[in-house]
Amino acid sequence: MDSTMQHTPLLISSLLRFGTTVFAEQKVITWTGEGARELTYAEVGQRAAQLAHALRKLGIDGDQRVGTFMWNNAEHLITYLAVPSMGAVLHALNIRLFPPQIVYVATHADDRIVIVDNTLAKPFSGLLAHLPGVQHVIVNGSIDDETRAALEAPEHVVAVHDWDALLEGEPTAYDWPEDLDENSASSMCYTSGTTGNPKGVAYSHRSNYLHAVTAALALGAKQGDRLLVVVPLFHANAWGFPYLAMAVGASLIMPDRFLQAAPLAAMIEREKVTFGAGVPTIWNDLLSYLETNPADLSTCRGLVVGGAAAPPAMMKAFQEEHGITIIHAWGMTEMSPIGTVAIPPTTVEPGSDEYWRYAAAQGRLVVGVEGRLVGPDDSIAPWDGESVGELEVRGPWITRSYYANGRESDVDRMEMESKFHDGWLRTGDVGTLSEDAFLVLTDRAKDVIKSGGEWISSVDLENAIMAHPDVREASVVGVPDDRWGERPLASVVLRAGSPTTVEDVREWLAGRLPKWMLPERWAVIDEVPKTSVGKFDKKVLRKRYAEGELEVQTLA
Ligand code: AMP
């Protein structure tokens, strides 16, 4: 029997129209260093229309790709809304990738036009000569003559435009196409989480729409919220924030290039942020900064932390010292990205040990995401909180393949295929699921340490070491060991000025962990190397160790 319901497609343009009219008074606020500039959502809607008209005139047609090379700011939000709404595909480029990788992804995605922030125009001009498909560059903000000349130099560049001049005079309304297929691509992100070349994911209008609404529900975002989006708009679909803000009527606070603890504290205080999103390292830095630079963060009720494991010590410190609840979440670029959100059951006493066990877990599967744990022999492990397996997932905002244009190498193609298993996405993450659907990750499949037949979770060790009051950051990797096959190496950043040594940390740890888990190899470092999206970069630590660059102390 056919349903009697209308077949209204779920489109980004509906979110754009809804957010910018129904919540016309909400704002996008972009930090400028000294203060902030503001646009209402009504103005955002008008500029999105102007941008769409301008892009059409520059030849954007069908599902052609429009790239961005930008920080989080109002113009990036406008592009996030306008490009998919007109039927084209948004490709937010990760500005922190190595130049050859940026060239690879922009070429692979076939980006035609790239919108660039003025503060990034110089580095972008160095890449442009290697991007023959890019015909137009639009610069947000003013640039000097030298940078303009560098952008105009490659023969394939038809013209370099100024954002304001390009939009000026264009109509402030646009007849957004309503006949788009909700399953057609709206936007893309590449993930460099794997070996080989980065892999592209093409989100659809439908997946983005459903993800935005579910993410808002699962995270508890609400009308009038002031959301500080530290997660870059190029990382994992910006965790859905631009679209969920339109859906619930929340304002967005965009930090632009001011991502250090001091400006973030100022933004939270001055812009009365109620909720924020970012990777753990950002918030860990903020926490250390607040120790000596008090700020009034009383408006902020929560921060969603994901992309890497949130250290429990950091979560407790935010709660106890600042009254801010850290909401731990887990996801992947391939999942739009949200898969789990750690909100303890209401039956659990807040602040109890049980509460913290739930809060520190990666979280409970959100509605729409199905998970299963697969053992090495392809058996399915039970949801008992103990049996360990690789997590596989499926659902309406989880990719069913990587984007291929037919020009991939054999190695890339094999790798792309190996990530899917009977219609499920293999996450590469290893852990347990409890009866009530809470995921606890013990490791990435490739990061678990196998020592004399016992598995050691690098995440457990890192969390235990980072619970020491004088440790700022710690990263643990497995290194070859003659006797045990592999043993953990702990690289530790000690709090500035503290007299604590790694011997002290090891001794402290000895009272808390079984002996076989205690690392013998320790290195004191100035900073844990980070990936392009701010996660601990274990590849770099392994390489430094292998090349003898780390000063390692052996403690027994
Ligand atoms: P990306 O798509 O680059 O954000 O990488 C996704 C990967 O980040 C996941 O497969 C996990 O390995 C890791 N990750 C994301 N969130 C968490 C979390 N809350 N705890 C531990 N690892 C995480």
Side-chain angles (χ1 to χ4, degrees), residues 92-94 96-97 101 105 188-195 197-201 203 211 215 218-219 230-241 277-284 303-312 314-315 326-343 358-366 369 371 373 389-393 397-399 402-403 419 424-433 438-448 457-463 466 475-477 530-539:
L93 287 154
N94 180 341
R96 298 209 188 87
L97 285 182
Q101 285 186 318
V105 299
M188 331 180 50
C189 268
Y190 279 73
T191 173
S192 50
T194 50
T195 49
N197 282 309
K199 311 284 185 287
V201 173
Y203 307 109
H211 176 266
L219 298 173
V230 185
V231 52
L233 295 202
F234 55 74
H235 178 211
N237 202 24
W239 301 3
F241 274 73
V279 291
T281 44
I282 294 273
W283 308 119
N284 213 15
L303 300 169
V304 53
V305 178
M314 177 186 91
M315 299 178 73
I326 299 281
I327 299 181
H328 195 193
W330 164 88
M332 298 174 78
T333 303
E334 290 86 337
M335 304 174 63
S336 301
I338 295 181
T340 65
V341 175
I343 297 182
Y358 275 113
Q362 269 63 31
R364 206 174 218 178
L365 289 169
V366 298
V369 174
L373 294 173
E390 178 180 355
L391 181 68
E392 297 190 348
V393 287
W397 50 86
I398 296 171
T399 199
Y402 288 102
Y403 168 67
K419 290 300 202 75
W424 296 72
L425 169 75
R426 292 185 212 266
T427 65
D429 290 323
V430 174
T432 60
L433 276 164
F438 271 82
L439 171 71
V440 173
L441 288 188
T442 44
D443 243 320
R444 299 263 319 149
K446 61 179 187 295
D447 289 338
V448 255
S457 155
S458 65
V459 176
D460 283 354
L461 263 180
E462 283 163 6
N463 284 342
M466 280 193 278
S475 182
V476 173
V477 295
K530 310 282 179 350
T531 68
S532 64
V533 289
K535 306 184 192 193
F536 288 179
D537 197 339
K538 298 198 178 187
K539 271 199 303 286

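All heavy atoms count here, side chains included; hydrogens, waters and symmetry mates do not. Order of appearance sets the numbers: ligands from 1, and atoms from 1 within every ligand.
- If you number the atoms of ligand 1 from 1 as listed, the ones under 4.0 Å from a heavy atom of Thr333 come out as 1 (P), 2 (O), 3 (O).
- Within the 4.0 Å heavy-atom cutoff, His235 counts among the residues contacting ligand 1.
- None of Ile326, Val305, Leu303 except one satisfies the side-chain contact (heavy atoms from CB on, under 4.5 Å) rule with Pro280; the exception is Val305.
- Counting the atoms of ligand 1 from 1 in the order shown, those under 4.0 Å from a heavy atom of Gly307 are 8 (O), 13 (C), 14 (N), 15 (C), 16 (N), 17 (C), 23 (C).
- With atom 23 (C) of ligand 1 as the reference point, the heavy atom nearest to it among Pro198, Ala360, Ala308 is part of Ala308.
- The side chain of Asp429, and not its backbone, has at least one atom closer than 4.0 Å to an atom of ligand 1 (non-hydrogen atoms only; side chain from C-beta on).
- Ligand 1 has Gly331 within reach: a non-hydrogen atom of the residue lies less than 4.0 Å from it.
- Among Ala309, Gly339, Ala329, the residue whose heavy atom lies closest to atom 21 (C) of ligand 1 is Ala309.
- Separating the CD atom in Glu462 from the CZ atom in Phe536 is a distance of 6.5 Å, to the nearest 0.5 Å.
- In this structure a side-chain-to-backbone donor-acceptor pair under 3.5 Å is present from Ser336 to Trp397.
- Arg426 pairs by the salt bridge (charged side-chain N to carboxylate O under 4.0 Å, His left out) definition with Glu392, not counting sequence neighbours.
- Taking both residues in full, the closest heavy atoms of Val201 and Thr333 are given as CG1-O, 4.2 Å, listed atom of the first, atom of the second, then distance.
- For the residues Met332, Lys535, Gln362, the heavy atom positioned nearest atom 3 (O) of ligand 1 is part of Lys535.
- In this view, Asp429 and Trp330, Arg444 satisfy the side chain to side chain donor-acceptor pair (under 3.5 Å) rule, not counting sequence neighbours.
- Between Phe234 and Arg96 the shortest heavy-atom distance is CZ-NH1, 3.9 Å.
- Heavy-atom separations between Val533 and ligand 1 are all 4.0 Å or longer.
- Which parts of ligand 1 touch His328 is read off a 4.0 Å heavy-atom cut-off, strictly below it: atoms 18 (C), 19 (N), 20 (N).
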